Amino acid sequence: MTNPIVVEVSRGGRVESRHRGSAVVVDGDGKTLFSIGDVDVPVFPRSAVKAMQALPLVESGAADALGFGDRELALACASHSGEQRHAQLAETMLASAGCDLTALECGCQWPMDQKATIALAKSGQEPTSLYNNCSGKHAGFVCTACHLGINPSGYINYDHAIQTMIRDTMGELTGAHFAVDNCGTDGCSIPTYAVPLPAIAHGFARMATGNGLQPIRAQASKRIISACMNAPEFVAGSGRACTRLMKTAPGRLFAKTGAEGVFCAVLPDEGLAIALKCDDGTTRAAEAMVAALCGRFLKAGDEVRHKLHQQANRNLRNWNAMDVGTIGVTQALV
């Protein structure tokens, strides 16, 4: 099956690029409200499912024991930009568990944010693992292990207790298969699993609604989603799509990107969740897709719906701030 064209980029009145993709919207009971493309093909959700991976941090009692609030939980779910506030908070999280950056196994990375990279370079410093966009998630793993009396060393490995907890949690939440045969290695070195989009979306819808979840997991899920919506700057960063989307609809929208054109979103008030994949892995197309689908399921006349439509369909500008084209979703997503 060839997935439909969902986003087009134009220049000079002509279509310059076309992006194909698939997407699904489900409610807390797993009912499909919208589907396009071959959604049953397993995809690696990558960083889009960090909120699910953060559940053991809360469920284990580690978050409460270490005094973590919204910012810490948001950073545990983040693909942050490496701004100073992000690196500092990751360091503080580790310190609360008696650890430092040497406990991180995500690897060193220059900040994703250009200004942060320039500032770091001008200072004569080298990037550390604290600037890795996944350092908050990894800090959460280390903190969970320390709280439970587990040696955090090697926590990135498939057979480590932390990864077993994450694998079991995600399997229970989504109903999907998580094992060696559908496992790959993520950019930050932890296991990532190829699963169908409906399973991912259903997992997020259950996190939002609590449907079918034990009270502890339902409470932890809502706490994590709320934390991200309350501290969107710590989920991504200045100018990033996840942060922008959540600030567009405060308390009404959770959004999280993943590498290679994956995006997930939750509309808590509507009790539904979205999971999508841009076939060619283009981030700009995935961002347009998720904005369009979030807006589609808000009531007509809602100002937020209009703002999301504008984010899904916008002008492209060059370095002289001239409008040179457009990017927008096709009728397939309208």
Side-chain angles (χ1 to χ4, degrees), residues 24-31 33 45 47-80 89 93 136-137 139-141 143-144 147 165-176 198-236 242-243 245-258 263-275 290 293-294 297-298 304:
V24 65
V25 182
V26 304
D27 64 16
D29 294 322
K31 178 182 178 181
L33 305 178
S47 292
V49 292
K50 284 181 176 177
M52 296 184 186
Q53 295 169 338
L55 279 168
L57 173 63
V58 177
E59 292 179 351
S60 68
D64 283 336
L66 298 174
F68 289 173
D70 287 344
R71 296 195 312 168
E72 289 84 359
L73 291 181
L75 197 73
C77 302
S79 297
H80 64 72
L89 185 57
M93 290 171 67
K137 175 181 73 175
F141 295 161
C143 289
T144 302
H147 175 73
M165 291 173 62
I166 292 169
R167 186 163 54 250
D168 291 345
T169 297
M170 294 183 68
E172 294 167 3
L173 192 60
T174 65
I200 300 169
H202 188 203
F204 273 113
R206 294 180 76 196
M207 287 185 71
T209 63
N211 287 19
L213 303 182
Q214 293 297 318
I216 291 178
R217 177 152 297 166
Q219 183 179 16
S221 295
K222 291 186 178 181
R223 181 177 173 185
I224 288 171
I225 295 296
S226 294
C228 291
M229 293 190 296
N230 291 338
E233 296 87 353
F234 286 86
V235 176
C242 297
T243 298
L245 286 165
M246 287 188 277
K247 292 180 75 172
T248 297
R252 299 178 57 192
L253 168 60
F254 163 84
K256 183 67 189 71
T257 187
F263 230 112
C264 292
V266 173
L267 295 173
D269 292 345
E270 286 71 23
L272 55 83
I274 299 163
V290 72
L293 285 173
C294 286
F297 286 89
L298 296 180
V304 170

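The structure displayed is predicted, hence computed values, not measured ones.
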Any side-chain heavy-atom pair of [X] and [Y] under 4.5 Å:
X	Y	result
I224	L55	yes
L173	M207	yes
L73	L57	yes
M246	V235	yes
T174	M52	yes

To the nearest 0.5 Å, how far apart are [atom1] in [X] and [atom2] in [Y]?
X	Y	atom1	atom2	value
E172	L213	CD	CG	10.0 Å
C228	R223	SG	CZ	12.0 Å
M229	L253	CE	CG	8.5 Å
D269	F297	CG	CZ	15.0 Å
L245	F263	CG	CZ	5.5 Å
L66	C143	CG	SG	5.5 Å

Quick one: does [X]'s side chain have a donor or acceptor within less than 3.5 Å of a partner on [Y]'s backbone?
X	Y	answer
R252	L267	no
H202	V26	no
H80	L75	no
T243	P232	yes

With a 4.0 Å cut-off, would you call R71 and E233 a salt bridge? no
So, using side chain to side chain donor-acceptor pair (under 3.5 Å) as the criterion, who are the partners of D29 when residues are at least two apart? N211
Stepwise side-chain contact (heavy atoms from CB on, under 4.5 Å) check, K256 with S47: CA-CA 8 Å; K256 183 67 189 71; S47 292; 3.8 Å; yes
Name all residues meeting the salt bridge (Lys or Arg N to Asp or Glu O under 4.0 Å) criterion together with D70; count only those two or more places apart in sequence or in a different chain, and write none if there are none. none
Between [X] and [Y], what is the shortest heavy-atom contact and its length?
X	Y	answer
C77	A54	SG-CB, 3.8 Å
V266	A273	CG2-CB, 4.1 Å
T209	G28	OG1-CA, 3.7 Å

Evaluation steps, side-chain contact (heavy atoms from CB on, under 4.5 Å), between E72 and L89: CA-CA 7 Å; E72 289 84 359; L89 185 57; 3.7 Å; yes
Strictly by modelled atom types, are K50 and S79 linked by a side-chain donor-acceptor pair under 3.5 Å? yes
Before giving the answer on side-chain contact (heavy atoms from CB on, under 4.5 Å), spell out for T169 and Q53 the whole-Å C-alpha distance, their side-chain angles and the decisive distance to 0.1 Å. CA-CA 8 Å; T169 297; Q53 295 169 338; over 6 Å; no
Pair F68, M93 - check side-chain contact (heavy atoms from CB on, under 4.5 Å), show working. CA-CA 8 Å; F68 289 173; M93 290 171 67; 4.0 Å; yes
